[in-house]
Protein chains: 2
Amino acid sequence: MKPTKYDALKLENQLCFPLYAAAKEVVRRYKPFLDPLGLTYTQYITMMVMWEHKELTVSQIGEYVHLDTGTLTPMLKKMESNGLIFRQRGRKDERETIVSITPEGKALRKQAIEVPAKISSCVNLTLDEALQLKSLLEKIII
Amino acid sequence: MKPTKYDALKLENQLCFPLYAAAKEVVRRYKPFLDPLGLTYTQYITMMVMWEHKELTVSQIGEYVHLDTGTLTPMLKKMESNGLIFRQRGRKDERETIVSITPEGKALRKQAIEVPAKISSCVNLTLDEALQLKSLLEKIII
DNA sequence: TAAAATTTAATTGCATACGACTAAAAATAT
DNA sequence: ATATTTTTAGTCGTATGCAATTAAATTTTA
C-alpha cells in the first residue's frame, strides 16, 4: 500500500483508539460478573474505594475514581437508594457531603471478592503482560 | 502493610481501572484539538473511517468503531445536520442505511491532519512504549 | 410461493461522563 | 467585621454507551 500524508489519520494507525476500545470492552466483560451483585462498573470501583475507607467526601471519592460531581452525585444517590451507602452533610463543614458505607454495602464485599479472579481469567494477558500494560497506562494518567 | 484476602479488591491493584482512567484521560486531551473542528472524539473516529471509505452502512461503521446502532444512529443524525455526512436508504437493500461523506466532510480532513501529531506530543510515551502498549491492548480486544 | 427466520436500523430506557453554572458555606483579605 | 475569594456539591445540558425491543425488508425453508 502506497503511504500518503493522511496515514496518521487512519484508525488502524491510532494508539488512542485501541485504548478507547479496550476500555469499553473490559467494562463489557465485567457486566456478567457485576450484574448479580447489582452493581455497574462505575458503582463497583466506587464500592472498592468505600470498602477501603468507610467514609469519604464526594470530592475525595472523585479523586480516587477520576470522576466529577456531575457524574458522582446522581450515581451516589442511586447507590444510597439501593442501600449501599448513605450521604449526610459534614457536621464541621456543611459544604461537604460525607458518604459512608452501610452494613449492606460492607456485606457486598464478600460476594465481590470473586470478581477480580474471574475478570483476569477472561482478559487474555499473562501476569507479566498485565503488569507491563499497567505501568504503561500509568504513564498516560500521570 | 499486612496483606489481606481483600487485596485483589483494592483499586490500586486493578489493571482495568488504569485502562478505564487512561481512556477517559486521552479523550479529554483530544478535546482542545477537536473542538476547533467541531468534532467530538466519537465523531472524530467515525470521520476517520469515512475519510477512508466514503460510503458505508451503519453497521459497517459500527464494526470499525466498535459502537452499536443505539449510539451511532443519533450521532450520525447529528453529523448529518452538521453537514459532514448524509444518510440514505440502500437502493438494493432497503433495510440498510448508507452513510456517505459530503464535500464539507472531506474538506475537514485537511484540518484534522494536524491532530495525531498534537496528541502524540501530549501523551507521555516514547514511540517504543506506544507500540508496546498498542500491541498489549490489541490482545484484550481480540 | 407462503410462512418462518434472519438481518438491518431505529427507538427506548437506563447509566454514565463532563463542562458550565449555581448556591451555600468557609476561608481570606482589607 | 465586612467584603471578597475560594471551596464544595448539586444541577443542567449535551453526548455517549449499551441492552432490549420494535419494525421493516430480505432470505431461507417447508
Side-chain angles (χ1 to χ4, degrees), chain A residues 17 20-32 34-35 37-47 56-63 65-82 84-99, chain B residues 16-17 20-32 34-35 37-47 56-82 84-99:
Chain A
F17 176 69
Y20 162 85
K24 286 193 302 172
E25 177 61 28
V26 165
V27 170
R28 255 195 298 277
R29 291 199 198 160
Y30 266 100
K31 195 168 169 10
L34 294 181
D35 275 351
L37 307 186
L39 292 175
T40 63
Y41 180 73
T42 317
Q43 290 173 7
Y44 173 63
I45 59 176
T46 302
M47 285 309 293
L56 289 170
T57 67
V58 173
S59 57
Q60 284 171 330
I61 295 174
E63 279 167 38
V65 299
H66 296 206
L67 290 170
D68 78 353
T69 61
T71 304
L72 284 176
T73 298
M75 191 194 64
L76 291 171
K77 283 181 180 176
K78 182 79 184 173
M79 291 170 73
E80 184 172 42
S81 79
N82 290 348
L84 298 175
I85 54 152
F86 64 96
R87 303 172 332 122
Q88 71 200 111
R89 283 288 168 179
R91 275 87 46 188
K92 215 181 61 211
D93 184 340
E94 289 195 24
R95 284 172 305 184
E96 53 190 27
T97 293
I98 314 268
V99 178
Chain B
C16 302
F17 177 69
Y20 162 85
K24 287 194 303 172
E25 176 61 29
V26 164
V27 171
R28 255 195 297 278
R29 292 199 197 160
Y30 267 98
K31 195 167 168 12
L34 294 181
D35 276 350
L37 307 186
L39 292 175
T40 63
Y41 180 74
T42 318
Q43 290 173 6
Y44 173 64
I45 59 175
T46 303
M47 284 310 292
L56 288 171
T57 67
V58 173
S59 57
Q60 284 172 329
I61 295 175
E63 279 167 39
Y64 281 115
V65 300
H66 296 203
L67 289 170
D68 80 353
T69 61
T71 305
L72 284 175
T73 298
M75 191 195 64
L76 292 170
K77 283 182 179 174
K78 183 79 185 175
M79 291 170 74
E80 183 172 43
S81 79
N82 291 348
L84 297 176
I85 55 154
F86 63 95
R87 303 173 330 124
Q88 70 200 114
R89 283 289 168 179
R91 275 86 47 188
K92 213 182 59 209
D93 184 339
E94 289 193 24
R95 285 172 305 183
E96 54 191 28
T97 293
I98 314 267
V99 178

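Chain letters run A, B, ... following the sequence lines, proteins first, then strands; residues in each count from 1.
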Check your understanding: Taking only side-chain nitrogens and oxygens of B:Thr97, does any of them come within less than 4.0 Å of OP1 or OP2 of C:dT8?
Key -> no
Practice item. Could you tell me the separation between the NZ atom of B:Lys24 and the P atom of D:dG17, rounded to a whole number of Å? Key: 12 Å
Review point. Do any of residues 87-96 of chain B sit with a heavy atom less than 4.0 Å from DNA chain C, and if so which?
Key: B:Arg87, B:Arg89, B:Arg95, B:Glu96
Are any protein N/O atoms closer than 3.5 Å to N/O atoms in nucleotides 11-13 of chain C? If there are, list each pair with its distance.
unit_1, atom_1, unit_2, atom_2, d
C:dT11, OP2, B:Lys77, NZ, 2.6

Review point. Can you say whether the rings of A:Tyr30 and A:Tyr44 are parallel (under 30°), tilted (30 to 60°) or perpendicular (over 60°)?
Key: tilted
**Study point:** DNA chain D-proximal residues of residues 37-46 of chain B, any heavy atom under 4.0 Å
**Key:** B:Thr40, B:Thr42, B:Gln43
Point to revise | Short N-O contact, A:Glu25 and A:Arg28, less than 4.0 angstrom | key: yes
Practice item. Remember a base hit wins even if backbone is also touched, and classify A:Leu67 as base, sugar-phosphate or nothing at under 4.0 Å, heavy atoms. Key: sugar-phosphate
Exercise for review: May I ask you to evaluate whether B:Tyr20 reaches the phosphate of C:dA17, defined as a side-chain N or O under 4.0 Å from OP1 or OP2?
Suggested key: yes
Check your understanding: Phosphate oxygens OP1/OP2 of C:dA15: is one of them under 4.0 Å from a side-chain N or O of A:Lys78?
Key -> yes
**Study point:** Separation of D:dG17 P from B:Leu72 CG (nearest whole Å)
**Key:** 10 Å
Revision key, fill the gap. Between A:Val58 and A:Lys31, the residue closer to the 5' end of DNA chain D by nearest nucleotide is A:Val58
